[in-house]
Amino acid sequence: NFGKVVNSFTRNASFTGGLGYYANKFFANGNYNFYQSRYGIPLDFRELDPELRTLRIWKNDIRFNGGFRDLDSFISSIKITFNASNYRHQELADGEVRTTFRNRVFSVRTMFDQQKRGKLTGRFGFEGFKRTFSTVGEETLIDGPVTQDSFSVFALEELTFKRFTLQFGGRVENNRYQPTDANLPKRSFTGFSGALGARFKLWEGGAFVANYSHSFRAPALEELYNNGPHDGSLSFEIGNPNLKAEVSNGIDLSLRQQNERVRGEINFYYYDLKNYVFLAPTGDVDPDSGFPIAEFLQGNSRYFGTEATIDTKANKFLNLLGGFDYVNAKLKSGEDLPRIPPFRARLGLDFHYKDLSVRPEWVLVAAQKRVFTNETPTAGYGVVNIAASYLIPGKHYANIFSVNAFNLTNQLYFNHLSFIKDISPGIGRGVKFSYTIRIF
């Protein structure tokens, strides 16, 4: 009986603003986003004297877009995007700041759209970013800042025929990591990602889509160099600076239907991954932090699964909604991978009359017994939710009143994807009211 989950509060605030100028061929716009949050980490009842741990977060984003459109040349439009992001969060224990994380990113992306020539159209461009990550305090994950430099070039082309469309594209990317700690090695990764896809028109509103992809992913900075307690995952993370790049080959198949009465699709996918990186619990506990120790490991694996959604119009006031998703993921050695979602299904209705919409739903989640070594299984559950909204439109604005009632039966359940599922269940019965005004 968990009762109240102590120290599970959360509060946040955000602000977004922007300005833009649009001429016949030239455009420019910019926006600023601010986000602030503070949330508590539930007390670990397994500890004799647990600390009250909280996270305090600030994030500032400044983005600028500019370019030209409707150009009478091989290039029909150009778009350049600059983005500067400054993220900081502090880990507090019993009200005192123990560790401060900083993450600064500056990125630029340039996109060129091609003028359509016969059946061929496409776009190409380049992008890059510079990231500086650091932790300072009692429980540092990495000693000293680490800088990541990334640069890539990419292209996507499309051939359109009467009954099918062919797409193909590629991307070459380089990532370089430069830690200031002399004990940590510098790493550099360069690789190619490519994809080939086709969309076949079967009947009016019906289509079959097939895609093959070859992808490259450099290990993340945290996967390479982390070595310390991480309050966000409640684990003592141990990185591996010798990780190799992930390489995968995958196939996606999709059958889609889109018309006035039925909208839906069903997808199947299979991915073969070489050098797949995952965070694996070891079963040991760090004596200083009290956190379970988890290592970033690597192994060859495979993923396959399916997902489907359907929205059927019963009459002008009622739609029937449904969907499910399933994934099976294993290492080639036969072990199940950690934190893989269980089978999940949704059944719902959408009652609508003029500007009023009411959407009850029933979410069913199966038990997850396919677990990694030292990972605990999770029981299945069902949750009932209801969402409703009412729109009051205006000429240049819209008022939206919403209410969301969730877990109406107060079901006790555990989210298998949660890092803290063993000490905290999912949220109980609750209701959320909101008001939104959109000006245009």
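Being a predicted model, the structure only gives us computed values, none of them experimental. Just so you know, residue 1 is the first one in the sequence shown, and it goes up from there.
- Within a 6.0 Å sphere centred on NZ of Lys59, heavy atoms belonging to other residues, nucleotides or ligands number 12 at most.
- Although no hydrogens or angles enter the test, the distance criterion places a donor-acceptor pair under 3.5 Å between the side chain of Tyr177 and the main chain of Pro219.
- The ring of Phe291 has its center no closer than 6.0 angstrom to the ring center of Phe236.
- In this structure, the side chain of Arg370 does not engage the main chain of Pro338 through any donor-acceptor pair within 3.5 Å.
- For the pair Arg187 and Tyr225, the NZ or CZ position fails the cation-pi test of under 6.0 Å to the six-membered ring centre and within 45 degrees of the ring normal.
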(request) For Phe278 and Phe372, run ring pair (Phe, Tyr, Trp, His ring centres under 6.0 Å): C-alpha distance rounded to whole Å, both residues' side-chain angles, the deciding distance at 0.1 Å, then the answer. (result) CA-CA 11 Å; Phe278 59 97; Phe372 188 74; 5.6 Å; yes
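- Residues satisfying the salt bridge (Lys or Arg N to Asp or Glu O under 4.0 Å) criterion with Glu307, sequence neighbours excluded, are absent altogether.
- The six-membered or imidazole ring of Phe200 lies near that of Phe164, with a centre-to-centre distance under 6.0 Å.
- Taking the six-membered ring for Trp, Phe189 and Phe216 have ring centres at least 6.0 Å apart.
- Using cut-offs of 30° and 60° for the angle between ring planes, the Phe15 and Tyr32 rings count as tilted.
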(message) Walk me through whether His89 and Tyr87 qualify under ring pair (Phe, Tyr, Trp, His ring centres under 6.0 Å).
(response) CA-CA 7 Å; His89 90 244; Tyr87 171 88; 5.7 Å; yes
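- With hydrogens and angles ignored, the 3.5 Å screen pairs no side-chain donor or acceptor of Asp94 with any backbone N or O of Glu51.
- Residue Tyr303 is tested with Tyr271, Tyr270, Tyr269, Tyr276 for a ring pair (Phe, Tyr, Trp, His ring centres under 6.0 Å); the sole match is Tyr276.
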(request) Test Phe401 against Tyr435 for ring pair (Phe, Tyr, Trp, His ring centres under 6.0 Å), laying out the working first. (result) CA-CA 5 Å; Phe401 298 88; Tyr435 165 71; 5.0 Å; yes
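- Taking every heavy atom of both residues into account, Asn407 and Val383 meet most closely at CA-CG1, 3.6 Å.
- The heavy-atom pair separating Ile423 from Pro42 by the smallest distance is CD1-O, 3.6 Å.
- Under the 4.5 Å side-chain criterion, counting only non-hydrogen atoms from C-beta, Thr81 is in contact with Arg63.
- Here the side chain of Arg429 pairs a donor or acceptor atom with the backbone of Leu408 at under 3.5 angstrom.
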(request) Take Asn275 and Glu246, measure what side-chain hydrogen bond (donor to acceptor under 3.5 Å, both in side chains) needs, and give me the verdict at the end. (result) CA-CA 5 Å; Asn275 302 322; Glu246 287 182 1; over 6 Å; no
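- At least one donor-acceptor pair closer than 3.5 Å links the side chain of Gln298 to the backbone N or O of Lys244.
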